Protein chains: 2
Amino acid sequence: MPPTTEKRLRAHARRNRDTILATAHVVVREQGANASLEEISRRAGVGSATLYRHFPTRAYLLELVLRDRVESLVTQAETLLADPAPGEALADWLRIVIDLTATNPGLATAMTYRTSEAGLGEPCRDLVRAAAEKLITRAKQAGACNPDVQVDDLLDLVHAIATATEHHPARADALMLLAVKGITTPLPPLPED
Amino acid sequence: MPPTTEKRLRAHARRNRDTILATAHVVVREQGANASLEEISRRAGVGSATLYRHFPTRAYLLELVLRDRVESLVTQAETLLADPAPGEALADWLRIVIDLTATNPGLATAMTYRTSEAGLGEPCRDLVRAAAEKLITRAKQAGACNPDVQVDDLLDLVHAIATATEHHPARADALMLLAVKGITTPLPPLPED
DNA sequence: ACCTGAACACCGTTCAAGT
DNA sequence: ACCTGAACACCGTTCAAGT
């Protein structure tokens with residue numbers, strides 16, 4: 001005879017967990033990284049303490065909700081490494097990042113997590129950083145990227161733009177494009193004699 | 001005989017107002033644009049309702065605290081219009097803006113206010129926008145500014161960077177400089193034949 | 001007119017009590 | 001082990017009552 005009660009409890013716990021996670025998906029999409037945890041638990045039909053038991057920190061919950069998006073960015077970066085134009089590959093990837101953050105509230109925040117939440121593998125920040133670094137290095141070698149560009153600066157800039165446009169997705173592209181092209185242009189070296 | 005009671009009351013009200021404003025200066029410097037209004041009133045030694053009576057909205061209070069900084073940015077823009085190098089003048093002003101927002105929490109937010117709070121003159125956003133526009137136009141005419149730059153894009157970008165670095169002032173310059181120089185560099189037109 | 005303290009409706013987090 | 005509802009300490013805002 002299996003220990004039915006015990007198993008039922010665990011199954012129920014798992015069901016609760018899944019419900020909270022599904023609800024979190026919806027609410028985070030609505031409200032972004034600062035979604036009300038109280039509301040998530042309320043809508044999921046559980047006490048708020050149950051949510052805290054399953055997901056001790058906001059970061060942990062947010063990462064579970066958005067990690068596949070982060071991984072998608074990494075995958076797309078890998079693909080773009082095969083692009084014959086290294087500068088455009090970098091610019092394209094930045095546009096992809098911005099577009100995805102603009103349509104997935106909370107993603108910009110999740111991308112910055114530096115510590116790996118229990119059992120989730122490498123921190124999101126590290127994943128994204130590694131992806132960005134490869135694209136940047138290749139673009140620099142091709143002379144298509146400003147050699148002063150530092151990975152961390154670029155990621156922080158992307159994060160700044162993504163956060164600022166999180167609720168105005170239509171603005172995201174314009175700001176990123178501005179940063180990509182630069183504001184001041186060096187004058188073309190005219191034959192000034 | 002002057003109406004002493006009446007005058008005393010008004011004087012006391014004014015004193016309360018001044019105290020709240022002075023306290024707001026301190027607390028906003030500590031906590032930024034989302035400083036706790038409750039704490040400001042608590043520290044000023046008045047009830048929170050008194051604060052709301054004098055300063056009906058957070059925006060109104062924040063603008064009173066930071067408007068002179070905004071005006072200082074406008075003044076410095078005017079000065080830089082006389083700089084012989086239009087491109088550098090623009091870049092310098094952007095650095096000044098970023099530096100000031102990085103050392104004055106809340107300023108980035110105050111700069112975006114689009115509606116003029118009662119009796120404060122033109123909205124901060126308009127003031128800053130006009131200043132930026134002049135610098136941009138001149139730099140474009142000199143060929144020292146990317147002709148695609150739109151004033152509103154640039155201001156939003158500055159706001160994004162300023163907000164993101166509000167509590168990490170040391171990062172502010174690096175991000176702004178990156179945006180100014182641009183990320184992808186067009187290859188110099190090598191005689192490739 | 002102006003101020004005050006209390007009240008209201010929220011929030012995130014913790015905890016004692018239940019099964 | 002897991003869940004629940006209540007409690008706690010906050011917050012911004014409004015309001016009735018006082019002078």
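Nothing here was measured: the structure is a model prediction, and the numbers come from that model. We name chains A, B, ... by the order of the sequence lines, and we start the count at 1 in each one.
When each of A/L107, A/I161, A/V158 is checked for a side-chain contact (heavy atoms from CB on, under 4.5 Å) with A/V97, only A/V158 meets the rule.
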Shorter than 3.5 Å, N or O on both sides, protein versus nucleotides 17-19 of chain D: list them out with atom names.
none

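Scored by the side-chain hydrogen bond (donor to acceptor under 3.5 Å, both in side chains) test, B/T103 finds no partners at all (sequence neighbours excluded). Residues passing the side-chain hydrogen bond (donor to acceptor under 3.5 Å, both in side chains) test with A/D153, sequence neighbours excluded: B/R171. Scanning for side chain to side chain contact (heavy atoms under 4.5 Å, CB included) contacts around B/R42 gives B/E38, B/E39, with sequence neighbours left out. Considering only residues two or more places apart in sequence or on other chains, A/D152 meets the side-chain hydrogen bond (donor to acceptor under 3.5 Å, both in side chains) condition with A/R125, A/R129. Partners of B/T19 according to the side chain to side chain contact (heavy atoms under 4.5 Å, CB included) rule, which considers only residues two or more places apart in sequence or in another chain, are B/T23, B/A44. Applying the side-chain hydrogen bond (donor to acceptor under 3.5 Å, both in side chains) rule to A/K140 yields no partners; only residues at least two apart in sequence or on another chain are considered.
Set against C/dC15, D/dC3, D/dT13, the side chain of A/A49 has C/dC15 as its closest nucleotide. In this structure, the nucleotide among D/dG5, C/dC3, D/dT13 sitting nearest to the side chain of B/H54 is C/dC3. Side chain of B/R10, nearest nucleotide from C/dC3, C/dA1, D/dT14: C/dA1.
Separating the OH atom of A/Y52 from the P atom of C/dT14 is a distance of 8 Å, rounded to the nearest angstrom. In this structure, CG of A/L61 is placed 11 Å from P of C/dT13, rounded to the nearest angstrom. Summarising the geometry, the separation between CZ on A/R53 and P on D/dG5 is reported as 15 Å, rounded to the nearest angstrom.
The shortest distance between the side-chain N/O atoms of A/R58 and the OP1/OP2 oxygens of C/dG12 is below 4.0 Å. Using a 4.0 Å cut-off, some side-chain N or O of B/N16 falls inside it from OP1 or OP2 of C/dC3.
Consecutive Watson-Crick or G-U pairs involving DNA chain D, each under 3.5 Å on both distances, make up stems of three or more pairs at C:4-8 with D:12-16, C:12-16 with D:4-8.
Within residues 17-45 of chain B, the residues approaching DNA chain D are B/A35, B/S36, B/L37, B/E38, B/R42, by heavy-atom distance under 4.0 Å.
Sorted by first and then second residue, the side chain to side chain donor-acceptor pair (under 3.5 Å) pairs with a member in residues 158-167 of chain A read A/H159-A/T163; sequence neighbours excluded. Sorted by first then second residue, the side chain to side chain donor-acceptor pair (under 3.5 Å) pairs that include residues 78-91 of chain A, not counting sequence neighbours, are A/E78-A/K134. Among pairs with a residue in residues 47-63 of chain A, those fulfilling salt bridge (charged side-chain N to carboxylate O under 4.0 Å, His left out) read A/E63-A/R67, at least two apart in sequence or across chains.
Both B/S48 and B/R14 sit near DNA chain C, but only B/R14 has its closest nucleotide nearer the 5' end.
Note on A/V70: it clusters hydrophobically with A/V151, by side-chain heavy-atom contacts below 4.5 Å among ILVMFWY residues.
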